[in-house]
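Every chain is numbered from 1 and lettered A, B, ... according to where its sequence line falls, protein lines coming before strand lines.
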Amino acid sequence: TQLLEQSPQFLSIQEGENLTVYCNSSSVFSSLQWYRQEPGEGPVLLVTVVTGGEVKKLKRLTFQFGDARKDSSLHITAAQPGDTGLYLCAGVPNTGNQFYFGTGTSLTVIP
Amino acid sequence: DAGVIQSPRHEVTEMGQEVTLRCKPISGHDYLFWYRQTMMRGLELLIYFNNNVPIDDSGMPEDRFSAKMPNASFSTLKIQPSEPRDSAVYFCASSLIGGTATEAFFGQGTRLTVV
């Protein structure tokens, strides 16, 4: 059972374009993270959001946690080739202390 | 700190052989997770430990898989006997869970190929 569904699964865009990745669940999470994974490496944390409705910005990346703490989005402005990678959302449920990872979005930014 | 250390980085074995994957978590972290990543199924949680005690092994695919954490600085994931469908990248991660400190730190993974 996949608790977190991401969309789109694959995304290929031109440098300079904007994009949004979505992470949806029917479960409530106490916190939600976004990770980026490059080939041959493990995922690396980008951001953690803990409050419903919270918005965090990391340079050209904007992360939002849904009001009900069930979903999240990642928006990238003016994408660059260095943004290429696999983006994963992960949630820590209200009960239990494990990380459930989403299905992943593979992003390719073409120069 | 060197981060989470996994060994070996790559493992090729024949079907039916025993495979042991190793992990050294970050010192001071009280949670350790084993994940398996494939193109088809993404990143799946297999088992996790808290203070060396297995808490949830419901993600372990079958009895051929076992995991141990004999002390706070070492864990193993064993597959016996291995099958071709076990081919995947296996990640170990460690964490301190609570509030804004919640983050999973991953090792570089072990790429397992069973032929």
**Student:** Just checking B:Q80: does its CD atom have more than 12 heavy atoms from other residues, nucleotides or ligands closer to it than 6.0 angstrom?
**Tutor:** yes
**Student:** Please flag which part of B:D56 lies under 4.5 Å from any non-hydrogen atom of chain A: side chain, backbone, both or neither.
**Tutor:** side chain
**Student:** Taking atom CZ of A:F99 and atom CG of B:L45, what is their separation to the nearest 0.5 Å?
**Tutor:** 10.5 Å
**Student:** Hey, which of B:R9, B:R111, B:Q108, B:E44 has the most heavy atom pairs under 4.5 Å with chain A?
**Tutor:** B:Q108
**Student:** Can you tell me how far CZ of B:F106 sits from OH of A:Y35, rounded to the nearest 0.5 angstrom?
**Tutor:** 6.0 Å
**Student:** Between OG of B:S58 and CD of A:Q98, what distance do you get to the nearest 0.5 Å?
**Tutor:** 8.0 Å
**Student:** If every non-hydrogen atom of B:F91 is compared with every non-hydrogen atom of A:E41, which pair is closest and at what distance?
**Tutor:** CZ-O, 3.6 Å
**Student:** Under 4.5 Å between side-chain heavy atoms, counting indirect links through other Ile/Leu/Val/Met/Phe/Trp/Tyr residues: same cluster for A:I76 and A:V109 or not?
**Tutor:** yes
**Student:** Indicate, with yes or no, if A:L46 and A:L107 share a hydrophobic cluster defined by side-chain heavy-atom contacts under 4.5 Å among Ile, Leu, Val, Met, Phe, Trp and Tyr.
**Tutor:** yes
**Student:** For chain B, which candidate among A:P43, A:G40, A:G42 shows the most heavy-atom pairs at distances under 4.5 Å?
**Tutor:** A:P43
**Student:** For B:E62, does the CD atom have more than 12 heavy-atom neighbours from other residues, nucleotides or ligands under 6.0 Å away?
**Tutor:** yes
**Student:** Would you say the side chain of A:V44 lies within less than 4.5 Å of the side chain of B:E103, judging by non-hydrogen atoms?
**Tutor:** no
**Student:** Would B:L21 end up clustered with B:V4 when hydrophobic side chains under 4.5 Å apart are linked, directly or stepwise?
**Tutor:** no
**Student:** When hydrophobic residues are tied together by side-chain contacts of less than 4.5 Å, even through go-betweens, does A:L88 share a cluster with A:L45?
**Tutor:** yes
**Student:** For B:Q6, which atoms come within 4.5 Å of any heavy atom of chain A: side chain, backbone, both, or neither?
**Tutor:** neither
**Student:** Which pairs of donor and acceptor atoms, one on a side chain in residues 65-72 of chain B, lie under 3.5 Å apart (sequence neighbours left out)?
**Tutor:**
| residue | atom | partner | partner atom | Å |
| --- | --- | --- | --- | --- |
| B:N71 | OD1 | B:S73 | N | 2.9 |
| B:N71 | OD1 | B:S73 | OG | 2.9 |
| B:N71 | OD1 | B:F74 | N | 3.2 |

